[in-house]
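Please read these numbers as outputs of a predicted model, since none were measured by experiment. Chain A is the first sequence line, chain B the second, and so forth, proteins listed ahead of strands; every chain is numbered from 1.
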Amino acid sequence: MKYDFQKIEKKWQKIWAKDNFKIWHAVDFSQKKRFYLLDMFPYPSGDGLHVGHAEGYTATDIYSRFLRLRGFNVLHPMGWDAFGLPAENFAIKTKTHPEENTKKSVARFKSQMQALGLSYDWQREFSTTDPSYFKFTQWMFLEMFRRGLVYEAQAPINWCPSCKTGLAEEDLEDGVCERCKSTVERRPVRQWVIRITAYAERLLDDLKNLDWPESIKQMQNDWIGRSQGYQFHFRVHNIAKHLEVFTTRIDTIYGATFLVLAPEHPMVKEITTHEYSYKVQEYARNVVNKSDIERNSAVEKTGVFTGSYAIHPITGIKIPIWIADYVTPDYATGAIMGVPAHDQRDFDFAKKYDLSILEVISLDGDTHREFDKPLEAKGVLVNSGLFNGLVCGVAQEKIANYIGAKPRVVYKLKDWVFARQRYWGEPFPLVFCEHCAEKIRNQKIPARRQAGKIKKGEFSEGELLNPGWIEVPGTRLPVTLPKVKSYEPSGTGESPLINVLDWVRTNCPKCKGPARRETDTMPQWAGSCWYYLGFALGNGRIKKKDIRKGWDIKCLKYWHPVDFYVGGVEHATRHLIYARFWHKFLNDLGLVTGTEPFKRLANQGLILGPDGEKMSKSRGNVINPDDVIKQYGADALRLYEMFMGPFEASKPWDTKGIIGVFRFLNRVSQLVAGNMGAHKELFAVSTDPSSLKVAQKSLHQTIKKVTDDIVGMRFNTAISALMQCEGALANAALRVSRNDFIKLIASYLVMLYPFSPHLASELWGYLGKGSIETQLWPRHNPRLIFEDYVTYAIQVNGKMRHTIKLAKSLGEDEVIHQAERAEQIGKWIKGKAVRKKIFVKHKIVNFVI
RNA sequence: GGGCAGGUGGCGGAAUGGCAGACGCGAUAGACUCAAAAUCUAUUGGCCGCAAGGUCGUGGGGGUUCAACUCCCCCCCUGCCCACCA
């Protein structure tokens, strides 16, 4: 009996595809228990699906099919995160519209997914580039805008002087332009920024209750980076100005022997004395032009003196004010007090520029005259006047009170630069109106606190905050992209849209006067912030013209939350923070249920090339799933990817390894098709009750193991159990009656079905009853697994010397007695004093001599 | 520099205090075959031994325990993420 996987897989894929894959459609408001199982949707690249995609998608497919057999109403959707740079760059190269190549890539991805037998609810498929979808993205942006969560800022971007364009971080390769290899400069460009930091505290706090891998939670925790400290100021000598600094170690204040400002600090100019101004300006210009990568990889700290001094708030001593690139402008106040005795960075800086170093904290209360590295800031205060002898923690509060420092919490998380100077993204629903800008500036209209309905002539909080920028009303969404002739960047750092004059020129929705559209577009992250809600709504609702009518809160409530979310770890600190923020914002507006979108999260490990290196075209170690399917079939590919190792571990592809699971599928096929098909007369020639018992025991042990393993995402050991069980069933095949064999095989095939659905469906046909999808997942019967006998390991001094099989019912004394009597043990303990006998029920006896 | 995850046969891995190496690949031998492939059967951590059996063995060193791949301390190595965050 040949295992004709090509024929079988084609056949079942065709059957499943009926009525737009109706068999996998989730049902809104069904009485069944609901389960929302989501894959991170892909960016449909021109290269097609790779084996890494297949890994995650197979795992969730197994889980989905498993849950359906357990009676759940499963929502398992798929869609496309299709805005993005690769499509735009490809469009520039081929002079075609990005929409065209996106469509092609989507079609390819979809057919590859279907060739893998993935059971998605295709009825809910959409792309983030669909105007019907992104009108909601624009609407949500507007909601943020009108609540003052969006502001304009000059943010530095990476600028390629040769391509004359701004580049995203993703376009950089080690600080160099990916396309022309020229060194990237920093340039300040006007950008839209979302005040995500307003949610920092909640993003941090709510992390605790999520069923996510600890490592991801840790990454987010560090990314948000909460620091608690104090803020206070130093007066500047001879100038009526003061400088705010932030520190988490105010107890080291006596050790502050200099101040350092970021070169970008707004007060640098006023503070710098005439004598030093040339050097300071030159230095600052130099630093600002450096890219982040250059600045961060600087081996040695550099800086220059401003010529000014600050007055120490307690001692009144004059300390020099420097600027240096190791202080970052956008964290806390952008100015620090240098405590070189207790901080590595300040120490390095002080050593280099010969600044004084004063020890102020000491473990033992003594002071150490010489030290060649900073001292640990632990213990009691020394050289600290009034506060000498106090323990650090106590001193912090006292000093803060003494100088009137305010407690402050600072986050590393930065506001979200939410704009790209590119074509292929969601247009902003904003226009700029000079007339309205004037009006706002002149009338000094106070900002509205409430974001309620805005009356004619009034402005929203966002409009007041960003004078001249006027919202495109929700009823006029979506703002769609115009067709353009060239996708080349403008050359002035703006999006290609700036050249499409009939699109840019428009009328102000407020005053009807002339206005121009925003020509930046949203970053790729925008569309993925709420797509899980899009799937929950379904296309019927999304496609409604009226946004409010499409936004069915009851339906969102039914499908909330995503019970299980599976995808790559690379999204730990971007997509997964943005989406959490977005959900919290929608929740604040009462538009969604719950404060967290994703209840449980798992990350698949990377699949490496056969050489153990990351797969890449340049290395030539890429495995193409299409080739594997052609040679071994989708069922074998699925099974192999799950069998390779733990789901979350990265593991190398072994070209030969797939043969093992391929052979296994052949054996299963042979077992069922061979026995049920050709040789019916062979059954029950000589039935043997003990064979049935052995087979049942193996089957039920396997049911228990496979069930537990799927829930715990341990697919590799589940498959191993299925392999062993196949052997047991094959042994029993001709020693049990036809009826008993059918019963055994039926349960077995149901278990195989989530892993290798095509073959399991096909073989189900031999049993002659209905479709496998309508079966219930088997339950193990504990009585069939129960063993009367158990094998004890007998140890002497912890070393295994012998095993004996004994009745499970035997008590401790009897087991020990039997163990002592055994010949192989006798020779070890004879004539020795047995000091202790350890007995572990059903496991082990250990004699300590 | 910091954080996290790891280190077990020739290879992927299993076992999370109780018989280390399940399952699979590969290898060796045999069966089938004119032959090969495929398939099937047996063996397969190292060393000693004809065997029974013994002995060593989970990156290295120490510790806890009757018992450690598993728990604790120190060190080494690999991968990933973050990186001058005051």
Worksheet item: When you match A:F643 and A:I838 each to their closest nucleotide on RNA chain B, which lands nearer the 5' end?
Response: A:F643
Discussion item. Counting distance alone, no hydrogens or angles: does the base of B:rC66 have a donor or acceptor under 3.5 Å from a partner atom on the side chain of A:K836?
Written reply: no
Discussion item. Work out how far the P atom of B:rC56 is from that of B:rG62, and round it to whole angstrom.
Written reply: 16 Å
Worksheet, complete the sentence: Of the candidates B:rA22, B:rU55, B:rC19, the side chain of A:T791 sits closest to B:rC19
Discussion item. Whether the A:T302 and A:Y283 side chains hold a donor-acceptor pair (N or O, under 3.5 Å, no angle test) is what I'd like checked.
Written reply: yes
Discussion item. Taking the minimum atom-to-atom distance to the side chain of A:S227, which one of B:rG13, B:rA86, B:rA22 wins?
Written reply: B:rA86
Practice prompt. Check whether the side chains of A:Q670 and A:N666 place a donor and an acceptor atom closer than 3.5 Å, and report yes or no.
Written response: no
Worksheet item: Which of the following nucleotides, B:rG26, B:rA86, B:rG18, is nearest to the side chain of A:V840?
Response: B:rG18
Item to complete: State whether a side-chain donor-acceptor pair under 3.5 Å links A:R408 with A:Q228.
Response: no
Worksheet item: Nearest to the side chain of A:R667 - B:rG24, B:rA22, B:rG18?
Response: B:rG24
Fill in: Residue matched to B:rA27 through Watson-Crick or wobble contacts both under 3.5 angstrom
B:rU43
Discussion item. Here's a test of your reading of the structure: between A:N846 and A:G657, which maps to the more 5' nucleotide of RNA chain B?
Written reply: A:G657
Discussion item. Quick one about A:D627 and A:Q631 (side-chain donor to acceptor, distance below 3.5 Å, no hydrogens or angles considered), yes or no?
Written reply: no
